[in-house]
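These notes are about the structure you will find just below.
Values reported hereafter were calculated over all heavy atoms of this structure, with side chains retained and with hydrogens, waters and symmetry mates removed. In listed order, ligands and their atoms are each counted from 1.
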Amino acid sequence: MKTYQTATIVLSLLFLANDVNTKSYNGDQVWRVYAESNNDIDAIHQLSHYGVHAEEIDLWQDPTLERPAHLLVPPLIADEIAASLANKGLNHDVMISNVGTLIEDEAKERQRNRIQSKKQARRRKRQTFEGMKDKIVGIYAEYDEIVTWMKELSTSLPHLVSLTTAEMTTSEGRSIYLMKIGRKRPYQKPAFWLDGGIHAREWVSPSSVVFVVSKLVEDYLKGYNTDLLDNLDWYILPVVNPDGYVFTHVEDRLWRKNRRYYASYNLTHPNEMDKICAGVDLNRNFPYQWEKAPEYGRYHCSIVFAGPYPASEAETQVVIGFINERKDDIKAFVSLHSYGQLVLTRWAHTSEERPADVNELDRVGRLVTDAISNTFNNNYTFGVPGSILYSYAGGSPDWAKGVANITYTYAMELRASIGSGFGFLLPENQTLDTGAEIFNGLKVVADQVISQHKHIVVNEEIPPTNPNIINRDSTSSSGQLCPMIVTTFTTLICGYLLR
Ligand SMILES: [Zn+2]
């Protein structure tokens with residue numbers, strides 16, 4: 001037994017050896033930089049987007065008058081940046097003293113958790129729903145692991161989960177997968193769009209999407225929250241930016257954009273026309289108010305490069321294509337990001353204009369924020385990006401609202417909190433709680449959509465597609481029976497009953 005355990009640990013460590021970032025952040029610090037006026041905010045933007053070291057420093061968090069900027073500073077230029085801040089009259093202090101140490105700590109925690117979760121999965125038997133869940137929920141999974149899990153779910157629960165592959169692939173040739181979750185009905189249901197991982201380094205976003213999928217399915221199999229799959233379809237894209245996500249696992253933990261290379265697209269830096277840089281910020285690439293991107297967003301080496309033209313990127317086109325094919329059904333759109341614990345609504349490109357349904361958007365948005373915050377007494381803030389984060393053009397939520405006309409459109413910045421000192425490097429042991437609080441927020445939107453479309457399904461006869469179908473509302477319904485089945489065969493039996 002001991003030999004077996006040792007072999008398991010060695011194999012796990014060998015497996016994780018591939019998952020080592022080669023870009024070092026040893027000695028890099030993250031500073032809080034305090035802005036007391038709009039001039040201060042402009043000065044921070046000038047330094048981080050146009051300064052001589054703009055490509056070496058990284059503005060993790062934009063400043064507002066209420067909240068300091070978070071600025072990643074490499075050790076070699078730290079003195080110069082500190083002097084530059086002092087010259088501009090800007091105060092700063094250290095939020096993370098060594099980013100490299102935090103990344104190493106994260107890698108160690110992942111090793112420990114993976115060994116544990118794989119053991120747990122083996123105990124439960126891999127091909128049960130619980131076994132699949134143990135392998136993936138509560139960890140920062142790699143892209144291939146997420147794809148494998150999606151395929152296993154759709155194969156083992158075909159009556160609830162299906163998988164579509166986009167025709168277009170990414171610039172590195174990866175496929176993008178869309179899950180559909182919901183009980184099959186012989187009529188149209190309203191639908192909910194949820195995506196994650198559009199920004200590569202925001203790992204808690206895909207992990208929360210995975211949590212939500214797993215909870216939706218598990219609850220349904222146990223007879224809880226059945227309305228969410230009986231009367232709603234979920235279109236779920238766990239990782240919008242697979243190339244970038246993979247890059248954060250193998251090369252650079254803090255990469256943000258996709259991985260497509262651009263050489264000559266450069267309007268603001270004419271002397272660097274031949275410089276080759278990778279990546280478009282996909283959340284600046286959507287074709288709605290794209291042209292309002294700031295000047296630095298036109299520079300192909302900028303961390304927020306909006307692309308050479310709207311929807312230039314395959315990943316953007318895939319999201320647009322998926323939604324356009326289903327836009328008559330999709331009534332809610334939520335895109336998950338990190339960090340800062342915010343629920344964002346209306347327009348990201350402007351704080352001045354308001355959509356016609358602003359009151360309803362805000363009403364539900366506040367309920368969502370309360371539901372998330374009350375789960376663990378962990379406060380999230382609701383508002384317009386221009387007021388509580390920063391304005392930006394070409395984002396997917398603005399496109400979803402402005403072009404696809406989806407009613408309930410929100411973006412969420414998940415954990416860590418601004419004051420936590422973790423930034424993008426949220427400890428893996430917080431992923432379960434993050435997923436749970438976000439699920440509660442999404443449920444508010446889902447319940448709202450279902451209540452508005454209830455008339456479609458009430459009192460409607462459901463023609464049995466299978467002679468074994470059991471009416472879930474009868475006294476012997478599978479919805480009541482399933483919670484009583486406590487063996488590892490729950491999935492099999494419930495799956496059969498619900499088919
Ligand atoms: Zn983001």
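Pairs passing the side chain to side chain donor-acceptor pair (under 3.5 Å) check and including a residue from residues 363-376, sequence neighbours excluded, read Glu360-Arg363, Arg363-Gln448, Thr375-Asn440.
For His199, the N/O/S atom at the shortest distance from the Zn ion (ligand 1) is named ND1. Considering just the N/O/S atoms of His337, the one nearest the Zn ion (ligand 1) carries the name ND1.
Not one N/O/S atom of Glu413, from backbone or side chain, sits under 2.8 Å from the Zn ion (ligand 1).
Between Arg346 and Asp362 a salt bridge is recorded (basic side-chain N to carboxylate O distance below 4.0 Å). Arg114 has a carboxylate O that lies under 4.0 Å from a charged side-chain N of Glu145, or vice versa, which qualifies the two as a salt bridge.
Under the 3.5 Å distance criterion, with hydrogens and angles disregarded, no donor-acceptor pair is assigned to the side chains of Tyr143 and Asp243.
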